[in-house]
Structures are given as C-alpha cells and as structure tokens.
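Notes to accompany the following structure.
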Amino acid sequence: MMDKTFNPQDAETRIYEAWEQAGAFQPIDDDNAEAFSIVIPPPNVTGRLHIGHALNNTLQDTLVRYKRMLGCSVLWQPGTDHAGIATQMVVERQLSQEGNISRRDMGRDAFIERVWKWKEESGGAILQQLRRLGASCDWSRERFTLDEGLSKAVLKVFVELHEQGLIYRDKRLVNWDPHFQTAISDLEVENKETQGHFWHFAYPLADGSGELVVATTRPETVLGDCAVAVHPDDERYQHLIGKMIKLPIADVEIPVVADEHADPEQGTGCVKITPAHDFNDFEVGKRNNLPLINILDREARLLSEDDGMGGLARIPAEWRGMDRFEARKALVAKMEELGFLREVEDKTIQQPYGDRSGVVIEPWLTDQWYVNAGELAKEAIAAVEDGRTTFHPKTWEKTYFEWMRNIQPWCVSRQLWWGHRIPAWYGPSYQVEERDGERHLALDHSSPQTFVAESFEDAETKARAYYREFGLEPEVVGEFETAREAEEANSAAPRAVALWRDEDVLDTWFSSALWPFSTLGWPDDTPEVVEKFYPTSVLITAFDIIFFWVARMMMQGLHFMKEAPFKDVYIHALVRDEKGQKMSKSKGNVIDPLELIDEYGADAVRFTLAAQAGQGRDIRMSKERVEGYRNFGTKLWNAARFCEMNECVTPPDFDPKSVTNTVNKWILSEAAATVKAINAGLDGFRFNDAAAAAYRFTWNVFCDWHLELAKPLLQGEDEAAKAETRATTAYVLDQALKMLHPFMPFVTEELWQQTGQRDTQLITASWPQLDGLENADATAEMGWLIELITDIRRLRSEMNVPAGAQIPLIAVGASAETAARLERHQALIQRMARLADIGVSDTVPPASAQTVLGEATLALPLEGVIDFAAERARIEKELSKLDGEIMRLEKKLGNEKFVANAPEAVVAEQREKLDDYKNQKTKMGEALERLQGM
RNA sequence: GGGCGGUUAGCUCAGUUGGGAGAGCAUCUCGUUUACACCGAGAGGGUCGGGGGUUCGAGCCCCUCACCGCCCA
C-alpha cells in the first residue's frame, strides 16, 4: 500500500542520484536523433540560487526534459562564470575579515592563488543548488569561464579580433569606479535620482569687459574646465565667441566657443566644458580641439602628482590629494570668498553609481582596450532581422535593435586581477633620430610598441620581427609584470629588450560572450560535438541581460562560428514578491527558493513558476500559490493510490485503440487532446498554457470525472468492463505522469517507479503519442453525461435536498438516443447524482423541480420537500436569462448586414444557439406553468 | 525628454487570425459516499481604466486621455 502523501524530502535526493547514475542527463549517442541543446546562462561562481535562477532553470529543465522524452539527443550545458569584480570582492572581504594583508600587499600571483583556493572550496555552490531544483544538466560537461579550454578560446578570439582591427587600444573617457579602481561597463552603472545642487558661478572675461555665468552640479570640475560653450545661434552671446575667460582659482585662460551642446534654455545658456570629466564635454572638446585636462587620480582625489596632461598646475597646492567631495566643498567656499558664487539652486540630478561598489562613478580618462562593437553588431542585427534568430516574445527584438543600433565601443579591459589577462605585451619602441646628420636609434619606453599574441613565445616572435626592421637583433627578455620592472631590466642590460605584459584582465562578459561555443570545446575538442550542438536550439534568459550577454553572444557567435548561437531566444519575466515589489535584500522581501523547496518540495516550486510564466509579465511569488501546487502533487499521488487499490495495471499487450467502453474511449480522447495542447504550449514557449493543460486534465478531467465514473465499473460485476477500465485507467495515469514529468519530475518519477514494473526511468521514457485516440462521439456522449449530472447536482443543491437523500429522476420528452444513454449509464448517473431511480415518462410528476437538458426535461419529484415559491423564483430567473440571450441573438440574426457579412459557419452557429435557447425557454415555460397554483 | 509594457471577478493573472468573458486563490452554502479535508459538491461576483473611431460585430484593431511599472537619455 502506498503512503498517503508524497514525501519530497525523502525522495528528491534519491531520485536525483538515480537519474545521474543512469546517465540520463547526458545526450544520447544516436546520429539519427535530432540534437537539442541549451547552454545555461552561467551564474556567477559566487552566486547563490535566488528565485530568478529558479524560474530560469525551471523553464530550461522543462524544455530539456520534454525534448529528451521526445527522443532528441539533448545537451543542457552547465557551468559558471568567474565574475571578476564580484569574486574579487568576496575574497578581499574574506582577507580583511581574517585580518590578512590586502590584495596589493599580497601581490598578484599570491592573490590569484588565493582566489582559486576559494573557488575550489566554496565556489559554484549554486550548481549544487540547481540539483535541488531537479535541473537535469549534463554535469559531466560542466565548464568554468577560466577553464583551460575556455581561456584558450578567449585568447584566440582576442588575438584574431586584434588582427582584424576589431580590437584596439584607445584613450577615452570610461566609467571609472574609484572604489575598485577599474573601468566598468556603462551597463554596470546605475543612474539614481539624487538631491543635488546647481551652483551658479561667474567667470570673468580676461579682457576685463565683464563676466558670464555658468551653472554646474559638479563644482570640483571647474579646475578642469577648458572652455565655456554657448549656442552658435544664441544672439545674447555672439559677441563673446572667441573671447577668453580667466578661470578662477585655476588661474588659466580658456576660450568661449560656439557649440550646439549648449542649451539656450538651460540656466544662462552658457555651459562650462570639462572634456576630461564629462562624456558630453568630451565630444564638445573633440569638435572644438580643446585640450584634455585631467584633475583626478585613480581614487578620485585631486591630483597630487603630475600626470603629464597639465592638470596638476591648476590645482592649488593645499588641495592636492584632496578627496573629490571635499574638493567640491573647498571650491564652492573659495568661489564664494572670491565673490564668484552667484546662486545655489536645489536640483534633482541623475547620479551614476557602480552597481557593485555603490560609489559614485567618475568619468575618467584612461587607456583601455576596446572592441569595435559597431562593426560586429551589423551581422548580429541582420541575423535577427532575417529571422535566423527569433525572440519570444517578439517585442524584445525592439529592445535588442534599439541597443544594437546605438552601440558604443565596448571597453573590455578591467583593472582587476581575477580574470583572463589580456594577451598583450609591450616593449620599448625604437625611435629614429637624426642627429649630427646621422641616424640614431633610441629605445623609448614612454610610447611602447604592442605585441598581441596568444602566448609570450608568439609575442616574442613578433617582437623580434619588429626590432629586426631596424636591423637589430636584440636579446628579448621578459615577461615582466610592469613597465617599470621592464625598464629597470632594460637599463641593467642595455643590449636587451625587456617585454612586459598588460596588467589588465578582460571584462567577464568577454568570455561569457563565447559561452555557446567555448563550452562545447571550441577551438579544440571534438568538432562533432561543436557541429552537433552548435548552434544551440534556444536560449532562455531574463530581459535584464539582453545587452550584457545575449547581444554579445550574437556578435561573437556570428563572427567566429558564422552562425547565430541560437535559433530562439526566450525572454522570461522577473520574479517579484506577492505585492509586486522587486525582491531585494535591503527590503527583506526575498523569497528563498531553497526554503520553498524544503517546505513544499521542488515539484511545487517548479510548477508554480512554470504555471505563471506567461509571456511578457512579471511573476508574483507567494507561498499560498506554492502550497496550491503542492496540493496538486498530492492529488496526483492519491489518484495513483486509487489506481493501486483498484489493481489498475496496463497489460503488456494493451491497445488503447481497442477499448469499447465509452468512459474509457472518452478519457483516452481527452488525454490525446491534452498532449496536443501541451505540445503546442511547449513548442511555442507558452509554458503557462502547457502547465495549465496538464493541470486541468489531471485534476478536473481525470480525477474529478474519470476516476469517479470508473468506480462503478471497477467495483461492478462486468469482468470484461472491469478489466478494460483497469487497463485504461492505468494507461492514462501513465500518460499523465509523462505529461507532467517536465514540470514535476520528482513526484512523477516516484509514482512511475511505484506503480509498475518499468524498463526505463520516467526521465528517459517516451513522450505520449496518442494520435488517433480522439473520439468525437465519446466526447459528445460524456459531455452530455457530465452536464446531466451537474444539472441534477445543481437542482439538488438549490432545492436544499439533503446530500444523503436518494431521490428519483424522471426524464420527460427524452429522445430515443437520450433514453438509450440514460439506460447505458444508469448506474453511473445514479451513483454520481445520488439518485434512487431513473425513469422515462411523458408527463412531469407533480411537485417536481425541473430543468432542461437538450430536448428533455429533467424532473426531480420532491413531494413534501419542495418549496414551490423558491422553485418558481428559480425558474423565472432562468427564463429571464434565456430571454436576454434570445433577444440578443434575434437582434443579431435580424441584422441583414450580419447575415450578409459574417462567415456562414458563424451565422449557422448563432441560429443553432437561438433554436436551442428557444427550446429551453419553451420547456422552462411549461415547467413554470405546472407549478402555478401549487 | 525618448522608448517599451501594463490597466479584465475581492486578490493574482489567462484570454494567439475580432464572433457566447475564464482559471487559481479568497468568500458563502452543503458534505467525512473506503484515492485524496493538501478533499468533494454547489453558489455568488466583472459597464474587460475613461472617451472616440473602424466594423454587421471590439477585451482583442486604430486614435486619444488618465494612472502604474520598466529601460534609455
């Protein structure tokens, strides 16, 4: 005897291990099997499973299990990414908690060793957590972005893009995070509304002829001003264009320039231009040939050392090294003291913050490596335009296009240690000098020569070739960590050339962009694996990662593999709390999926997520909902328990097409229709539709009706009917387990094992194929039966007939077919409607409650029980409803234009309905008449 | 300021070529009939945000307004 409920805690681990041991997660080795592959969006190696991961992976697993059962050779490729900043943060925090020395004191090699140690010990915990969810990834192929193979792919891609001119070094403004002291992507910058000020400063004209007033939200940048701009059409300031201004404090002269960036409506219409500290001003500076004057160091303090750009001289000696926010106060105070402060306005400003560090981001001028994303984007845009890749829902393509068409150069270097070190080496350049009429060659370390190569050996070869051009064969030594070390080595050995390696690492997303093919082994490994599983079938991810990841995979995949990395991209929603708030630690409204799994089981959590995964909407998560789907699992469990108690088993030679009993034909037909609906749902990424179809079939069709209808057959005397019903019921239960498996893998697998001798686990069993079992006749007859039973139950309830009372039913005006159906299903009807007897008559017995089903009037004689007034009121209400419907339809059908324009089928349907309502109205009218005076 | 999405039953949401408004939860009534009270039977509840238009016909298509949310500047 089975337990009364499923116990997830006991079963889940056991079942999961059994699947893994059986090798069920690995693709089947069959060349005829269609390949189906998904790469997991690699979670950060520092990550912990949150509800968004749970949704994302539930959907992937659902699809993967479905395709696996369909017989595809399925690869779900798992792994993690190295999460440059996040991981470095974790380990640095650990170091400081342990009271250890900082990363910089520790040195690069020791620190990286320490991070690897952390990774081995506690990295990738999220992958263990995914197992709790039931994720059927092929763990034997797990990858990490810093793996040897993936690193090799990164090197190859970097070097090739460099050779093609698509990666280059440039000096531009970047988003600089002064806390981590690295460049970050503009996608990692969060703009937040902040209460700030608008300071109005007067700038005197150099010729003493007056002043103009500029306003700024960042007064400290005054020291870096290189011009004041006015709009070229602004008549107020025409006479100022070309004049010089004496910049207060910095004590330099800067010009007034004409540039359209100046907005005549904004403030005074004069705007200060600080090209080295503002993205817009940088562009203005380029247009007007302004110098770039930097005033901040890497920690966002006012310069204390000369950076070669001339900013230091502008900074008063006592301010050098001052923090940027202190500098702001100091500057404002000084301007006020000098009499240049005209006004302070409160102003709401958009302030950029680093999403990891939380500090204000500083636009800062640095040398960085850039990918020419604009070039790579062309093909990535085309691939979506021409449908090689399709987004679901399609509306996300707009977002993709919008970003792709306005894409900026992608800064890929990061001033971190944890990551793929940039494969670029530098050596001194040779400068040819003409001196005393002779050619002299000199080593120049300040403008080094760059050698990009996959290895130091290759870089060395390139270096030799470079120096050979000058007719020299110096000894090349290296690789040094920094330019300074190399220069020292060089001066110690003047005949040698020392190379040093770029200190920076690549943006983590640079390696993530290669994920769909680097994980498959590219550029090495077995080509058949790459060919079989690339391009991948579908990518499932959340919208907030379209720019970061999807777009970049498209670019790199198309460039290096010549094919888009996935045919379909399914974008799912964000999971919010039950009030619709975004979950966050600071709000304390985070729902931990692991706690939910502990409490309700993984199946319930998965089903909740899948059932709510409607396209284009956020999901609200609440415990009540999970509980409801846990109950659904219990319902299924008890249906199986019922089958066990009634000895339902499917004989080996059972042929569902051969069943004869209407009840059995019907449930098979319903099952077949459900499989179709689930297929359509999953094929179209409508997970909620698929889940709803499976849910409804299991609970509202199989349990509510089939099992109840089967009871009299299973407990009756007709041995043939009993055997057929047992076989059919067991068979349909099996189909239900299969249909539900992608959504609820654990409970279905457990039931599969407990309810029969199986030659395979459910995870690798075949997906239901029930074509040909649809049966319109059985559907019609059972539809009638269900309506009949429901009608009688409603009458009983409305007439307050005691639940236990057995009363007779008289059918009046029944057709031969109805009479035959009544007789055929008499036992069923009596049992389910709690009837004493069923009779057919020409006349309605007195004191009956009545209703109409088709051509027949159903009468329940309720002598002594019936409340005539209540029954009359009930029928009158029915009649008025019918009148409403009839009026509506008559009006519609009376409209010539409708009859002329609407499709024939629609018109015919309306006529049928009208006839039906009229018939009901007649019958109900007669019923009412019979009650008059009683 | 630009773009995208949303507004349907008390709550959360489905509603795919425009043709009788649905589900789950909640509420109310009844019920322990040997699968299941994590259950069963039944009921109530919506001018589909407002306005206008197209159409024989609009929750669905178009315009407009209001409110909410997200992304980008």
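Protein chains get the first letters and strands the later ones, always in sequence-line order, with residue 1 at the start of each.
Separation of the A:W699 and A:Y695 ring centroids falls under the 6.0 Å cut-off. Side-chain rings of A:H392 and A:Y570 stay apart, their centers remaining 6.0 Å or farther from each other.
On the C1' atoms, B:G6 is 16 Å away from B:G50, given to the nearest whole Å. Taking the C1' atom of each, B:A58 and B:G49 are spaced 16 Å apart, rounded to whole Å. Spacing between B:G3 and B:C11 at atom C1', rounded to whole Å, works out to 31 Å. Between B:U29 and B:G44, the two P atoms lie 15 Å apart (nearest whole Å). Atom C1' of B:U8 sits at a distance of 13 Å from the matching atom of B:A23, rounded to the whole Å. Remark: the separation of the P atoms in B:A21 and B:G45 is 15 Å, to the nearest Å. Going from the P atom of B:G19 to that of B:C62 covers 16 Å, rounded to whole Å. For the P atoms, the distance linking B:A26 with B:C68 amounts to 31 Å, nearest Å.
Side-chain polar atoms of A:H231 and A:D263 form no donor-acceptor pair below 3.5 angstrom. Of the N and O atoms on the side chains of A:H572 and A:T541, not one donor lies less than 3.5 Å from an acceptor on the other residue. Between A:S185 and A:N175, the side chains place no donor N or O within less than 3.5 Å of an acceptor N or O (distance only, hydrogens not considered).
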Going through the distances and angles, do A:E670 and A:R696 end up as a salt bridge (charged side-chain N to carboxylate O under 4.0 Å, His left out)?
CA-CA 11 Å; A:E670 290 290 323; A:R696 178 166 303 128; over 6 Å; no
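Using the six-membered ring where Trp is involved, A:H706 and A:F702 have ring planes that are parallel, under 30° apart on the 30 and 60° scheme.
In this structure, A:R796 reaches neither bases nor backbone, as no heavy-atom distance under 4.0 Å exists between it and the strands shown. A:R630 comes within 4.0 angstrom of a nucleotide base, judged by non-hydrogen atoms across all strands. Base contact: A:C703 has a heavy atom under 4.0 Å from a base atom. Note on A:N646: nothing from the nucleic acid sits closer than 4.0 angstrom, heavy atoms only. Here A:Y600 lies out of heavy-atom contact (under 4.0 Å) with every strand. Residue contacts shown for A:K891 are absent, as no nucleic acid heavy atom lies under 4.0 Å away.
For B:C4, the base has no donor-acceptor partner in the side chain of A:K398 [N/O atoms by modelled type, under 3.5 angstrom]. For B:A35, its base sits under 3.5 Å from the side chain of A:E708 at one donor and acceptor pair at least. For A:R831 against B:U33, a side-chain-to-base donor-acceptor contact under 3.5 Å is absent.
Taking the side chain of A:M645 as heavy atoms from C-beta on, and the options B:G19, B:A35, B:U33, the nearest nucleotide is B:A35. Here the nucleotide nearest the side chain of A:K635, chosen from B:A43, B:A35, B:G19, is B:A35. The nucleotide whose nearest atom lies closest to any side-chain atom of A:D689 is, among B:U16, B:C71, B:A41, B:U16. Of all nucleotides listed (B:G5, B:G20, B:A14), B:G20 comes nearest to the side chain of A:Y917. With distances taken from any side-chain atom of A:E798 to the nucleotides B:G24, B:U34, B:A43, the minimum falls on B:A43. Comparing B:C71, B:C4, B:A35 against the side chain of A:A639 picks out B:A35 as the nearest.
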Using atom names, set out every protein N or O paired with an N or O of nucleotides 25-31 of chain B below 3.5 Å, distance rounded to 0.1 Å.
none

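Residues A:I789 and A:W705 form a side-chain contact, since some pair of their non-hydrogen atoms from C-beta on lies under 4.5 Å apart. Residues A:E599 and A:K623 meet the side-chain proximity criterion, which asks for heavy atoms closer than 4.5 Å.
When both distances must be under 3.5 Å, the Watson-Crick or G-U wobble mate of B:U32 does not exist. The partner of B:C13, taking Watson-Crick or G-U wobble pairs whose two distances both stay under 3.5 Å, is B:G22. Checking B:A37 for Watson-Crick or G-U wobble geometry (two distances, each under 3.5 Å) identifies no partner in any strand. Across all strands shown, nothing is found opposite B:A58 as a Watson-Crick or G-U wobble partner with both distances under 3.5 Å. Across all strands shown, B:C70 pairs with B:G3; the Watson-Crick or G-U wobble distances both stay below 3.5 Å. Figure legend. B:A43 is base-paired to B:U27; pairs are counted as Watson-Crick or G-U wobble with both atom distances under 3.5 Å.
The two residues A:N688 and A:A613 have their closest heavy-atom pair at OD1-O, 3.8 Å.
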Readout for nucleotides 56-61 of chain B: B = base within 4.0 Å of protein heavy atom, S = sugar-phosphate only, - = neither; 5' to 3' it is B-----
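When each of A:N638 and A:E402 is assigned the nucleotide of RNA chain B with its nearest heavy atom, A:E402 is the one assigned upstream, toward the 5' end. Nearest-nucleotide positions on RNA chain B for A:L707 and A:R696 put A:R696 closer to the 5' end.
Taking side-chain N and O atoms only, A:K711 has no distance below 4.0 Å to OP1 or OP2 of B:U33. Within the structure, a side-chain polar atom (N or O) of A:K913 is placed less than 4.0 Å from OP1 or OP2 of B:G20.
Between A:D791 and A:R794, at least one side-chain nitrogen of the basic residue sits less than 4.0 Å from a carboxylate oxygen of the acidic one, meeting the salt-bridge criterion.
A distance-only check finds a donor-acceptor pair linking the side chain of A:R793 to the backbone of A:M832 [under 3.5 Å].
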